[in-house]
Amino acid sequence: RVVAVIMVGGPTKGTRFRPLSLNIPKPLFPLAGQPMVHHPISACKRIPNLAQIYLIGFYEEREFALYVSSISNELKVPVRYLREDKPHGSAGGLYNFRDLILEDNPSHIFLLNCDVCCSFPLPEMLEAHRRYGGMGTILVIKVSAESANQFGELVADPVTNELLHYTEKPETFVSDRINCGVYIFRPDIFTAIGGVSTQRKDRANLRRMSSFDALQSATRSLPSDFVRLDQDILSPLAGKKQLYTYETMDFWEQIKTPGMALKCSALYLAQYRCTSSHLLASGDGTNSASIIGDVYIHPSAKAHSTAKIGPNVSISANARVGPGVRLISCIILDDVEIKENAVVIHAIVGWKSSIGRWSRVQAGGDHNAKLGITILGEAVNVEDEVVVVNSIVLPNKTLNMSVQEEIIL
Ligand code: GDD
């Protein structure tokens with residue numbers, strides 16, 4: 001039997017995701033019309049003998065309750081949210097719930113970061129992991145040398161795929177192969193995490209008894225139950241024939257900012273072509289808007305037949321898109337109203353917002369630029385004929401004048 005664990009973090013983590021994370025936990029923000037965490041969860045469905053999926057985080061339990069019960073029914077696999085009382089780090093969080101996780105007596109445990117977007121080749125990883133015979137296997141991808149330092153950089157043996165060296169977000173270049181935040185472990189990973197935790201406790205005790213300065217400063221900051229998977233487990237275990245790598249040639253991105261959410265929404269919409277084409281709007285119906293490329297429209301949303309939508313657009317529940325509206329590369333959230341002849345390009349439009357007639361809400365579209373995307377928070381009201389370019393507007397604002405390159409607080 002196999003268990004999957006998805007690390008969802010908590011409210012102090014998603015700050016770069018503001019203002020969207022003011023309304024909803026980042027893991028529940030919709031990408032291609034489905035909550036972010038839905039994509040790794042539905043990928044877990046392909047794992048043979050999957051017994052349970054756990055989400056571990058430090059958000060309030062009630063924020064996940066509804067989603068967890070509906071997805072359990074849909075997938076026919078039990079999904080449970082486990083709440084930490086405080087952040088324990090990516091490995092400490094897992095360790096905290098070891099008794100529960102081991103209840104199913106799993107032979108393997110998948111561990112997935114919630115904020116990555118990829119094809120999650122989990123059965124393929126499991127097969128490779130069994131062949132390698134190590135304690136853990138890490139999903140790896142090659143990225144550009146310039147971007148590698150935002151991630152864990154690693155070196156693997158080209159023949160055996162053994163992890164030889166691992167450095168988390170190094171200052172000087174190590175490798176263009178990086179850690180994708182998707183792992184499979186044998187249950188003895190808990191012994192390794194427990195070891196780090198005990199070592200910390202011993203050092204803390206020693207420190208209390210010792211006046212040795214170096215020892216004091218080296219161990220001062222981290223509590224013994226806070227264990228990071230990357231620095232505390234992967235780095236020391238590299239080169240010890242315990243960890244191996246599996247390289248993906250498919251797509252992979254990390255989702256820390258709203259700009260990346262828009263990019264990842266496009267990647268998942270493109271993936272629907274192969275995996276769930278029924279979710280893509282076809283534009284076939286007599287009253288349907290014209291659809292260009294990959295578009296998701298929630299069944300309760302309404303788009304006028306003279307609207308032109310796509311590519312990379314997803315429209316959530318109860319949104320209304322008026323006559324002559326043009327939407328390109330955007331996420332329109334629940335209950336939004338877009339009035340006649342308005343244009344939205346490279347933007348995220350927050351819940352219950354409204355965009356007036358002949359208005360434009362747009363951005364340049366560079367996902368890495370700070371303001372390469374325009375974001376309207378919840379319940380923003382853009383009046384008729386107003387142009388909003390490369391701007392971020394916080395919730396509950398009314399814009400009656402055009403703005404450019406501004407953050408409206
Ligand atoms: N439950 C829980 N508790 N989750 C946590 C905690 C915690 O205390 N701390 C982090 N997480 C979750 C985050 O929500 C995220 O899904 C994952 O664990 C990793 O988060 P970070 O530890 O903040 O690392 P990162 O995202 O900057 O980088 C990690 O992932 C990259 C891939 O996306 C590293 O492992 C990198 O090496 C890797 O490249």
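In listed order, ligands and their atoms are each counted from 1.
- Taking the six-membered ring wherever Trp is involved, the centroid distance between the rings of F17 and F29 falls below 6.0 Å.
- At least one N/O-N/O distance between G89 and ligand 1 falls below 3.5 Å.
- Proximity to D230 (heavy-atom distance under 4.0 Å) selects the following atoms of ligand 1: 34 (C), 35 (O).
- Residue E84 approaches ligand 1 through these ligand atoms, each under 4.0 Å from one of its heavy atoms: 1 (N), 2 (C), 3 (N), 7 (C).
- When atom types are taken as modelled, the side chain of S90 and the backbone of L229 share a donor-acceptor pair closer than 3.5 angstrom.
- Contact between G93 and ligand 1 is absent, with no heavy atom of the residue lying under 4.0 Å from the ligand.
- Set against the non-hydrogen atoms of K256, the atoms of ligand 1 under 4.0 Å away are 25 (P), 26 (O), 27 (O).
- Between F151 and ligand 1, not a single N/O pair is under 3.5 Å apart.
- Sorted by first and then second residue, the ring pair (Phe, Tyr, Trp, His ring centres under 6.0 Å) pairs involving residues 254-282 (not counting sequence neighbours) are H39-Y268.
- In terms of polar-atom proximity, defined here as any N/O pair under 3.5 Å, G9 does make such a contact with ligand 1.
- Considering each of L55, N113, V140, the one bringing a non-hydrogen atom nearest atom 30 (O) of ligand 1 is N113.
- Between the R357 side chain and the N341 main chain, no donor and acceptor come within less than 3.5 Å of each other.
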Cut-off 3.5 Å, no hydrogens considered: what does the side-chain donor-acceptor table look like for residues 99-121, sequence neighbours left out?
{"from": "S107", "atom 1": "OG", "to": "R1", "atom 2": "O", "distance (Å)": "3.2"}
{"from": "D115", "atom 1": "OD2", "to": "K256", "atom 2": "NZ", "distance (Å)": "2.6"}
{"from": "S119", "atom 1": "OG", "to": "D250", "atom 2": "OD2", "distance (Å)": "2.9"}

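- Remark: side-chain polar atoms of R186 are paired, donor with acceptor, to backbone N or O of G134 under 3.5 angstrom.
- Taking 4.5 Å as the limit, some side-chain heavy atom of H38 sits within range of a side-chain heavy atom of Y67.
- Using a 4.0 Å cut-off to heavy atoms of C114, the atoms of ligand 1 that qualify are 16 (O).
- Under a 4.0 Å heavy-atom criterion, Q150 is not in contact with ligand 1.
- One distance of note links CE of M7 with CD1 of I56; it measures 5.0 Å at 0.5 Å rounding.
- Contact analysis puts V116 in contact with ligand 1, with a non-hydrogen atom separation below 4.0 angstrom.
- Residue contacts with ligand 1 leave out F97, since none of its heavy atoms falls under 4.0 Å from the ligand.
- Using cut-offs of 30° and 60° for the angle between ring planes, the F185 and Y183 rings count as parallel.
- No N or O atom of F58 sits closer than 3.5 Å to an N or O atom of ligand 1.
- Of the possible polar contacts, one joining the S391 side chain to the E406 backbone as a donor-acceptor pair under 3.5 Å is found.
- Near G57, meaning under 4.0 Å from one of its heavy atoms, ligand 1 places the atoms 1 (N).
- Below 4.0 Å from some heavy atom of Y166 lie the following atoms of ligand 1, by number and element: 37 (O).
- By the criterion of a heavy-atom distance under 4.0 Å, the backbone of H88, and not its side chain, is placed next to ligand 1.
- Listed by number with element, the atoms of ligand 1 under 4.0 Å from a non-hydrogen atom of I56 are 1 (N).
- Per-residue contacts place V8 under 4.0 angstrom from the following atoms of ligand 1 (heavy atoms of the residue considered): 14 (O).
- Heavy-atom distances between K86 and ligand 1 stay at or above 4.0 Å for every pair.
- Taking any N or O of E168, backbone or side chain, at least one lies under 3.5 Å from an N or O belonging to ligand 1.
- You'll find the side chain of H346 stays beyond 4.5 Å of the side chain of Q362, heavy atoms only.
- Close N/O approach between P87 and ligand 1 is not found [any backbone or side-chain N/O within under 3.5 Å].
- Closest non-hydrogen pair, E405 versus N390, comes out as OE2-ND2, 3.0 Å.
- Between L28 and F64 the shortest side-chain heavy-atom distance falls below 4.5 Å.
- Neither the backbone nor the side chain of Y59 comes within contact range of ligand 1; no heavy atom lies under 4.0 Å.
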